[in-house]
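This report concerns only the one structure given below.
Letters A, B, ... mirror the listed sequences (proteins, then strands); counts begin at 1.
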There are 2 protein chains.
Amino acid sequence: MQNSEALTLAAALLAAAGDLTRRIDEGVVARGFEGRPAYGFAFTRLAPDGATVTDLAAHLGVTKQAASQLVEELVRKGYAERRPHPRDARARLVVLTERGWACTRAAEEAAAEAVGVWAESLGGEGEMRVLRDQLLRIAPYGPIRPAW
Amino acid sequence: MQNSEALTLAAALLAAAGDLTRRIDEGVVARGFEGRPAYGFAFTRLAPDGATVTDLAAHLGVTKQAASQLVEELVRKGYAERRPHPRDARARLVVLTERGWACTRAAEEAAAEAVGVWAESLGGEGEMRVLRDQLLRIAPYGPIRPAW
DNA sequence: GGGAATTGGTCAAGCAGCTTGACTATATAA
DNA sequence: TTATATAGTCAAGCTGCTTGACCAATTCCC
């Protein structure tokens with residue numbers, strides 16, 4: 001692959017990521033939730049059993065101070081709540097509220113909708129799975145932080 | 001594709017884009033240039049024949065004020081210069097200097113290097129071309145702005 | 001056990017990079 | 001000609017992040 005092609009790939013990746021992020025955010029807003037793009041990706045970490053601020057920071061690729069501010073925002077808007085951590089009195093377990101779950105489902109729906117549009121461009125869902133598997137092999141657990 | 005899978009795809013896309021952006025930026029710095037990630041993507045627009053501030057703003061997905069500040073930065077660092085536009089006295093054509101071309105090549109090299117690492121994970125360059133073509137079909141001319 | 005080092009979380013201040021708003025100069029349309 | 005649109009810049013403001021300092025709880029290790 002030529003050098004210039006590689007930079008084109010990077011640009012395409014960023015354009016696609018930006019497009020998807022925007023579509024998901026718009027979809028969430030259209031479903032009656034107020035939010036910013038980071039919410040959806042925070043939810044994916046909080047969803048199963050909750051997470052600490054430090055976990056969330058690592059997942060999003062920001063400092064724990066920034067993650068703490070995000071959690072404060074989520075709590076203020078009623079999407080999450082802080083509970084004492086069962087095994088560590090320093091830590092607090094951040095879990096989704098019912099409204100948080102609803103917003104999570106909205107984000108997932110919006111994501112599915114956006115991906116559906118893409119599937120048409122690519123000619124089917126099979127291709128989407130291929131794309132997803134390729135991406136997951138590239139950056140399986142990387143922090144989700146595509147900002148410039 | 002299930003809704004939760006779609007959100008996973010989005011996360012993987014963002015993680016991959018973030019990983020690549022970081023690698024390219026580090027590679028450019030390692031080659032002796034000071035810069036931030038936006039530079040490389042500005043260069044891809046300026047490279048062929050130059051561009052106006054407004055062109056650049058559209059390409060990056062920011063306001064023309066932000067693009068103007070970026071150009072000011074590029075000029076100050078010796079990567080670009082402003083010339084009178086041949087057919088429009090309001091506009092100014094921003095073109096790369098020799099140092100700007102050198103930095104562009106460094107960015108392309110860094111991108112190729114980063115993509116090379118990926119190619120190993122995916123099992124070959126052919127797969128990378130598939131990935132690139134898929135992404136280009138998804139967001140062919142979208143603005144390059146993956147921030148949250 | 002007990003002191004040192006580590007870790008989880010928050011408060012405070014600062015800043016980079018973007019935005020909106022206002023304005024000038026040139027170009028285009030009526 | 002007059003009015004409207006476009007290219008660019010200046011100025012101010014704000015959002016979301018960072019670094020630095022700090023306290024409380026935990027873990028390490030002798």
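Nucleotide C:dG17 holds its P atom 11 Å from the CG atom of B:Asp25, rounded to whole Å. One can place CD of B:Glu34 at 13 Å from P of C:dA16, the figure rounded to the nearest angstrom. Between A:His85 atom NE2 and D:dT27 atom P there is a gap of 11 Å when expressed in whole angstrom units. Following rounding to the nearest Å, A:Asp55 (CG) and C:dG8 (C1') show an atom-to-atom distance of 10 Å.
Annotation: side chain to side chain contact (heavy atoms under 4.5 Å, CB included) contacts of B:Ala51 (sequence neighbours excluded): B:Arg45, B:Leu46, B:Asp55. With sequence neighbours excluded, the residues satisfying side-chain hydrogen bond (donor to acceptor under 3.5 Å, both in side chains) with B:Arg23 are B:Asp19. Judged as a side-chain hydrogen bond (donor to acceptor under 3.5 Å, both in side chains), and not counting sequence neighbours, A:Asp25 has no contacts. Shown here are the salt bridge (charged side-chain N to carboxylate O under 4.0 Å, His left out) partners of A:Asp133, two or more places apart in sequence or in another chain: there are none.
Closest approach of B:Ala17 to A:Leu14, counting heavy atoms only: CB-CD2, 3.9 Å. Residues A:Ala47 and A:Leu96 approach most closely at CA-CD1, 3.9 Å, considering heavy atoms. Scanning both residues, A:Gly32 and A:Arg99, for their nearest heavy atoms gives O-NH2, 4.3 Å. Across every non-hydrogen atom of B:Phe43 and B:Gly100, the tightest pair is CE1-O, 4.3 Å.
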Listing, residues 63-72 of chain B side-chain donor-acceptor contacts under 3.5 Å, not counting sequence neighbours, or none:
unit_1, atom_1, unit_2, atom_2, d
B:Thr63, OG1, B:Ala66, N, 3.2
B:Glu72, OE1, B:Arg82, NH2, 2.4

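Summary of helix geometry: the two end axes of the helix from C:dG1-D:dC30 to C:dA30-D:dT1, each defined by five base pairs via their C1' atoms, are inclined to each other by 30° (rounded to 10°).
Residue B:Arg36 places at least one side-chain N or O under 4.0 Å from the OP1 or OP2 atom of C:dG17.
Following chains of ILVMFWY side-chain contacts shorter than 4.5 Å, one can reach B:Trp101 starting from B:Leu74, so the two form part of one hydrophobic cluster.
Within the 4.5 Å cutoff, side-chain heavy atoms of A:Leu20 are placed close to those of A:Trp118. Between B:Arg105 and B:Arg31 the shortest side-chain heavy-atom distance does not fall below 4.5 Å. Inter-residue side-chain proximity for A:Ile138 and B:Leu131 is flagged as met; some heavy-atom pair is nearer than 4.5 Å.
Separation of atoms OH (A:Tyr79) and SG (A:Cys103) is listed at 4.5 Å; rounding is to 0.5 Å.
Listed by residue number, B:Thr63, B:Gln65, B:Ala66, B:Gln69 are the residues of residues 63-74 of chain B with a heavy-atom contact under 4.0 Å to DNA chain C. Within a heavy-atom distance below 4.0 Å of DNA chain C, no residue of residues 42-54 of chain B is found. For DNA chain C, the residues of residues 75-84 of chain A within the heavy-atom distance limit of 4.0 Å (strictly under) are A:Arg82, sorted by number.
The side chain of A:Arg92 approaches C:dT10 more closely than any other nucleotide in the set D:dA7, C:dC18, C:dT10.
Here A:Val95 is tied into one hydrophobic group with A:Leu93, each link being a pair of ILVMFWY side chains closer than 4.5 Å. The hydrophobic cluster containing A:Val29, built from Ile/Leu/Val/Met/Phe/Trp/Tyr side-chain heavy atoms closer than 4.5 Å, comprises no other residue.
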Does the protein touch nucleotides 24-30 of chain C at the base, only the backbone, or not at all? Give it as B, S and - per nucleotide, heavy atoms under 4.0 Å.
-BBS---
